[in-house]
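For clarity, every value in this text was computed on a predicted model and none was experimentally measured.
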Amino acid sequence: LLYKDRPLLMILLVALLVRLLVMWLYPDQNFPDSEAYKTIGKEIFSGNIITNNIYMPLYPILSYLTGGGQIQILVDIVISVMSIWLIFLLSMHLFKDRLTALLSSSIGAFYPHFLFYSVSGLTEVFYTFLLLLSFVLFYRKMIVWAIIILILALLVRPTFDLLNPIIVALFVFFVHKMNWLKVSKYLGIYLFFYIVIMSSWWAHQYFKFDTFIRLNLGDGVVLYGGNNPLNKSGGGIIGVDVLDSDGDFLGISNPVDRNKAQKDEAIEYIISNPGHFLKMAGVKFLRFWRLWPYANEYQQWYIIVASILSYGSILIMAIGFALRNSKKYFRETLPIFALFGYLTLVHMVTISSIRYRFPLEPFLIIFSSYFLTDVLKN
């Protein structure tokens, strides 16, 4: 029980205080995405059609309900602290080792990337919280609730839409060692809740576009952004990696047709330039796992040093876990490694940034903490 665990409570309290300090010291970055979420939230609650075509609605709803600004950041900070607790629980479920779990949560309390995103007004903190909560519920064998949370996370970011049924199957069959009949049962439950939860979004999209859109129109943007003659860095910077957010397709007025044209153009470019595609896939892989930020505004020496010492150390020890311990915990960790492989592959094909890696970093912290304690104990 959390209220009886004084060391964990102290860690969570310190995590809260550190985040409040960062909120006080760190200037508002005014990210365009953050402003877009506020606009979408206002449109939803005013009864209007959402004008933005590439974002999902759940975080904008949270942004609106919290009033935006400092209250929204405070809510994100609380969610970030709750994620530290989930990291502790996940570590305990995986390894049954309290020292590892306390070390994981302690690292999470001070981890620079967690601190940065907790005060940035972006989807990363909320999305990662839902992902961690879903995995905790899966490990606790609360599979139906885990499925519901996993689907709700799609309404924040739809990246794992294709992977989600595989995650359900991996937990049911490998982690909990149930038979294929149970796998079919829970996949059927997933499909039922998927339809129920997503149906209101589908209705909005149909009313808006006069056709069925399952998620959003962001796939054409990121696929073409990462696969066009301008892209040399592997990212999606407008004016550098792509002409603009709609590439060369502004003449197509219908957004659904424009999205399809972007995808078609990107696929044709990949087929016509397979060597360059494979080369860029390697560039995107390195950028995805890069030790410090790529953007020019984050090239100060202290940011680079902090990122290398924190994330770099975590990555090295997580690789150590994969080499030393993953065979022992193969069944338990298979869904997590599926996340790693899938998300890496997605961004090797589309566009890449360390921001997109963020949902994996709590798992890296858990693996690295176990590796460190295991080495010290032995």
> Does Lys284 use its side chain to pair, donor to acceptor, with the backbone of Gly226 at less than 3.5 Å?
Replying inline: yes
>> Any non-hydrogen side-chain atom of Ile44 less than 4.5 Å from a side-chain atom of His204?
In response: no
> Between Asn228 and Tyr269, do the side chains contain an N or O donor and an N or O acceptor separated by less than 3.5 Å?
Replying inline: no
> Short question: side chain of Asn231, backbone of Gly235 - any donor-acceptor pair under 3.5 Å?
Replying inline: yes
> Is it true that a side-chain atom of Trp201 and a backbone atom of Leu215 form a donor plus acceptor pair closer than 3.5 Å?
Replying inline: yes
> Regarding Arg357 and the six-membered ring of Tyr311, is the cationic atom NZ or CZ under 6.0 Å from the ring centre and inside 45° of its axis?
Replying inline: yes
> Are any of the side-chain heavy atoms of Phe160 and Leu131 separated by less than 4.5 Å?
Replying inline: yes
>> Quick check on the hydrophobic clustering: are Met92 and Leu86 connected, directly or via other members, by side-chain heavy-atom contacts under 4.5 Å?
In response: yes
>> Does this structure show an ion pair linking Asp219 with Arg214, if we count only N-O contacts that are shorter than 4.0 Å?
In response: no
> Taking the six-membered ring for Trp, are Phe321 and Phe371 ring centroids under 6.0 Å apart?
Replying inline: no
>> As a quick check of understanding, evaluate side-chain contact (heavy atoms from CB on, under 4.5 Å) for Leu89 and Arg140, giving each step before the final call.
In response: CA-CA 10 Å; Leu89 295 177; Arg140 289 190 168 189; 3.9 Å; yes
>> Below 30° counts as parallel, above 60° as perpendicular, anything between as tilted: where do the rings of Tyr356 and His347 land?
In response: parallel
> Does some side-chain heavy atom of Ile189 sit less than 4.5 Å from a side-chain heavy atom of Tyr194?
Replying inline: no
>> Quick one, Val346 and Leu163 - any side-chain contact, counting heavy atoms below 4.5 Å?
In response: no
> For Phe288, does its backbone N or O pair with a side-chain atom of Ser352 as donor and acceptor, under 3.5 Å?
Replying inline: yes
> Checking Thr128 side chain against Val125 main chain: does a donor-acceptor pair fall under 3.5 Å?
Replying inline: no
> Which heavy atom in Pro359 sits nearest to a heavy atom in Arg157, and how many Å separate them?
Replying inline: CG-NH1, 4.4 Å
> Is there a donor-acceptor contact under 3.5 Å linking the side chains of Ser80 and Ser118?
Replying inline: no
> Within 45 degrees of the axis of the six-membered ring of Phe174 and under 6.0 Å from its centre: does Arg331 put its NZ or CZ there?
Replying inline: no
> Does Tyr59 offer a backbone N or O that forms a donor-acceptor pair with the side chain of Tyr127 under 3.5 Å?
Replying inline: no
> Under 3.5 Å, is there a donor-acceptor pair linking the side chains of Asn48 and Lys42?
Replying inline: no
>> Donor-acceptor check, side chain of Lys208 to backbone of Ile50, threshold 3.5 angstrom: yes or no?
In response: yes
> For the residue pair Leu102 and Pro7, what are the closest heavy atoms and their distance?
Replying inline: CD2-CB, 4.3 Å
>> Could you go through Leu94 and Tyr139, starting from their C-alpha distance and side-chain angles, then the distance that decides it, and tell me whether this counts as side-chain contact (heavy atoms from CB on, under 4.5 Å)?
In response: CA-CA 8 Å; Leu94 283 168; Tyr139 282 115; 3.4 Å; yes
> Rounded to the nearest 0.5 Å, what separation is found between the CG atom of Asn164 and the CG atom of Leu187?
Replying inline: 11.0 Å
> Quick one: CG on Leu372 to CZ on Phe367, what's the gap to the nearest 0.5 Å?
Replying inline: 15.5 Å
> Would one find more than 12 heavy atoms of other residues, nucleotides or ligands at under 6.0 Å from atom NZ of Lys96?
Replying inline: yes
>> Between Thr373 and Thr100, do the side chains contain a donor N or O and an acceptor N or O under 3.5 Å apart?
In response: yes
>> The criterion is salt bridge (Lys or Arg N to Asp or Glu O under 4.0 Å); which residues satisfy it with Arg324, sequence neighbours excluded?
In response: Asp374
> Which heavy atom in Leu154 sits nearest to a heavy atom in Met56, and how many Å separate them?
Replying inline: O-CE, 3.4 Å
> Got more than 12 heavy atoms from elsewhere within 6.0 Å of CZ, Phe212?
Replying inline: yes
> When rounded to the nearest 0.5 angstrom, what distance separates CD1 in Ile147 from CG in Leu152?
Replying inline: 12.0 Å
> Between Gln72 and Lys38, does a side-chain contact (heavy atoms from CB on, under 4.5 Å) hold up when you go through it step by step?
Replying inline: CA-CA 10 Å; Gln72 177 186 343; Lys38 295 174 185 177; 4.0 Å; yes
>> Give me the atom names and distance for the closest heavy-atom approach of Ala146 to Ser134.
In response: O-OG, 3.0 Å
>> I'd like to check Leu62 versus Ile79 (side-chain heavy atoms, cut-off strictly below 4.5 Å). Are they in contact?
In response: yes
>> Parallel, tilted or perpendicular: which one describes the rings of Phe129 and Phe126, with boundaries at 30° and 60°?
In response: parallel
> Looking at Asp33 and Arg355, does any basic side-chain N land under 4.0 Å from a carboxylate oxygen?
Replying inline: yes
> Honestly curious: do Ile77 and Leu115 fall in one hydrophobic cluster under the side-chain, below-4.5 Å linking rule?
Replying inline: yes
>> I'd like to know whether the aromatic ring centres of Tyr186 and Phe171 sit less than 6.0 Å apart in this structure.
In response: no
> Looking only at heavy atoms, what is the nearest atom pair of Gln205 and Asn216, with distance?
Replying inline: NE2-CA, 4.0 Å
>> Contact between Phe138 and Pro335 at the side-chain level, heavy atoms closer than 4.5 Å - yes or no?
In response: no
> If only atom types and distance count, is the side chain of Ser91 paired as donor or acceptor with the main-chain N or O of Ile87 below 3.5 Å?
Replying inline: no
>> Just so I know, are the side chains of Leu339 and Phe363 near enough to count as touching, which here means a heavy-atom distance under 4.5 Å?
In response: yes
> Side chains of Ser353 and Arg287: do they bring a donor and an acceptor to under 3.5 Å?
Replying inline: no
>> Quick check on Trp145: does its CH2 atom have over 12 non-hydrogen neighbours (other residues, nucleotides or ligands) under 6.0 Å away?
In response: no
> Under 6.0 Å from the NZ atom of Lys377, do we count more than 12 heavy atoms belonging to anything else shown?
Replying inline: yes
> Can you tell me if Asn273 uses its side chain to pair, donor with acceptor, with the backbone of His276 under 3.5 Å?
Replying inline: no
> Are any of the side-chain heavy atoms of Asp76 and Val78 separated by less than 4.5 Å?
Replying inline: no
> Is Ile151 reachable from Leu170 through a run of I, L, V, M, F, W or Y residues, each pair having side-chain heavy atoms under 4.5 Å apart?
Replying inline: yes
> Can you tell me how far CD of Glu124 sits from OG of Ser120, rounded to the nearest 0.5 angstrom?
Replying inline: 8.5 Å
> Just by distance, with hydrogens left out, do Tyr117 and Glu361 show a side-chain donor and acceptor under 3.5 Å apart?
Replying inline: no
>> If you apply the rule side-chain contact (heavy atoms from CB on, under 4.5 Å), what do you find for Phe337 with Ser326, and how did you get there?
In response: CA-CA 10 Å; Phe337 280 108; Ser326 60; 4.3 Å; yes
> Hey, what do you get for CG (Leu90) to CG (Leu133), rounding to the nearest 0.5 Å?
Replying inline: 9.5 Å
> Looking at the rings of Phe95 and Tyr370, which for Trp means the six-membered one, are their centres under 6.0 Å apart?
Replying inline: yes
>> If you compare all heavy atoms of Leu122 against all heavy atoms of Ser34, which two are closest, and at what distance to 0.1 Å?
In response: CD2-N, 4.0 Å
> So, the side chain of Asn259 versus the backbone of Pro255: is there a donor-acceptor pair under 3.5 Å, distance only?
Replying inline: no
